[in-house]
Amino acid sequence: MDLSLPNGDLAWLTVTLLAGGFITGILSGLLGVGGGGILVPILYALFAAIGVDDDIRMHLAVGTSLAIIIPTSLRSFYSHYRHGAVDMDVIRRLGPPVAAGVILGVIIASFVDSAFLKIVYVVAAGLLSLKLFAGGARWQFGTSLPGNPVNSLVGGFIGVISTLIGIGGGVFISSYLTMYGRFIHQAVATSSGFGVVIAVPATIGYMLAGWGMPELPPGSLGYVSMLGVAIVTPASVLAAPLGVRIGHGISRRKLEIVFGVFLMSVALRFLYDLTYG
């Protein structure tokens with residue numbers, strides 16, 4: 001396997017990663033997500049272009065995405081917090097079970113193949129997008145969040161799934177909060193606070209799970225490409241506040257539709273890869 005880049009390809013790789021970082025930042029601020037949903041397929045394609053083996057390509061894309069989410073989510077959360085839209089009580093209640101789910105997710109990821117991670121990605125993103133397209137009060141189960149054990153089970157599930165598909169959990173947290181009476185803007189703002197809760201332990205876990213693996217591209221720490229992190233992170237952090245400003249000027253229903261289109265596009269991308277890849 002050749003992991004070197006031909007002349008001229010490094011510039012193409014850099015420009016593509018910068019563009020992906022800018023899009024990631026916009027989505028992070030607009031949708032309250034860490035941007036992993038768009039980053040994972042971009043990174044997956046780029047790693048394929050430089051010859052990374054398919055057996056580790058998805059793990060590397062997910063691990064790198066989680067590392068990039070850390071500063072992006074911090075910037076997005078801070079911007080929402082300044083607007084007074086973050087419910088810190090939700091973060092305190094859901095934070096511990098989400099973190100526990102992350103640990104379990106890393107353990108699972110270290111034993112499964114790339115196809116399994118793609119299937120989880122397609123199912124999770126597809127179901128959530130259908131929920132958002134449907135909208136309506138029939139998706140509202142109450143006016144306040146339930147107590148334990150429901151919160152702990154939901155939080156743990158979110159941690160596991162987010163870790164397996166390389167996102168900051170915002171898509172799931174937002175959906176959960178809107179099901180229990182929270183307006184979409186507050187749900188999006190609050191969900192941005194879970195990016196770090198998920199991404200920090202998950203990134204460390206992917207580094208350890210891939211440590212010493214053969215055929216990793218140069219500059220990798222386990223299943224985390226430090227080249228990808230170094231290029232994408234600045235662009236995504238700078239673009240996140242712009243996404244926040246856009247989000248505060250969009251109606252609830254339009255934001256739900258944008259959110260749904262985003263998720264469905266990701267699901268279709270990986271379904272195509274599973275079928276024809």
Side-chain angles (χ1 to χ4, degrees), residues 20-40 62-102 105 128 145 151 154-156 158-159 161-163 165-178 180 182-205 229 232-250 252 255-256 258-259 262-263:
F22 184 79
I23 295 171
T24 297
I26 295 293
L27 290 173
S28 175
L30 177 62
L31 305 176
V33 301
I38 192 68
L39 259 181
V40 170
V62 171
T64 304
S65 172
L66 288 163
I68 294 168
I69 284 170
I70 297 173
T72 305
S73 295
L74 275 172
R75 186 67 181 271
S76 178
F77 170 71
Y78 178 68
S79 297
H80 282 296
Y81 186 80
R82 289 180 60 192
H83 282 85
V86 177
D87 188 336
M88 294 301 298
D89 181 61
V90 171
I91 295 177
R92 285 190 290 267
R93 292 172 62 186
L94 280 178
V98 167
V102 170
L128 280 172
L145 290 178
N151 257 354
V154 171
I158 290 172
I161 297 299
S162 300
T163 302
I165 64 178
I167 66 173
V171 293
F172 302 110
I173 298 291
S174 294
S175 298
Y176 183 53
L177 294 181
T178 56
Y180 287 95
R182 303 302 176 94
F183 290 112
I184 185 66
H185 290 88
Q186 186 188 44
V188 165
T190 302
S191 70
S192 67
F194 286 87
V196 177
V197 175
I198 291 172
V200 170
T203 298
I204 295 172
V229 173
V232 173
T233 299
S236 61
V237 169
L238 290 173
L242 177 58
V244 171
R245 289 195 293 271
I246 295 172
H248 282 279
I250 297 178
R252 171 179 176 169
L255 190 54
E256 287 176 338
V258 170
F259 208 168
F262 161 71
L263 289 173

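Heavy atoms only: backbone and side chains are in, while hydrogens, waters and symmetry mates are out. Just so we're clear, the structure is a prediction, and the values are computed from it rather than from any experiment.
In plain terms, the two heavy atoms of G169 and S162 that are nearest each other are CA-OG, 3.2 Å. Taking both residues in full, the closest heavy atoms of A199 and L66 are given as CB-O, 3.3 Å, listed atom of the first, atom of the second, then distance. Considering all non-hydrogen atoms of both residues, V229 and I68 come closest at CA-CG1, 3.8 Å. Minimum interatomic distance between A239 and F22 (heavy atoms only, all atoms of both residues): CB-O, 3.5 Å. The two atoms that bring G105 and T163 nearest to each other are C-CG2, 3.8 Å, heavy atoms only. Scanning all heavy atoms of the two residues, the minimum distance from V40 to I165 falls at CG2-O, 3.6 Å.
From I69, atom CD1 reaches atom CG of L74 across 11.5 Å, with rounding to the nearest 0.5 Å. In this structure, I70 CD1 and T233 OG1 are separated by 8.5 Å, a value rounded to the nearest 0.5 Å. In this structure, L145 CG and D89 CG are separated by 8.5 Å, a value rounded to the nearest 0.5 Å. I173 CD1 to T178 OG1: the interatomic distance, rounded to the nearest 0.5 Å, is 11.0 Å.
A donor-acceptor pair under 3.5 Å links the side-chain atoms of T190 to the main chain of D87, judged by distance alone.
In this structure the side chain of V86 reaches within 4.5 angstrom of the side chain of I91, judged on heavy atoms. You'll find the side chain of V98 reaches within 4.5 Å of the side chain of F194, heavy atoms only.
Residues passing the ring pair (Phe, Tyr, Trp, His ring centres under 6.0 Å) test with Y176 are Y180, sequence neighbours excluded.
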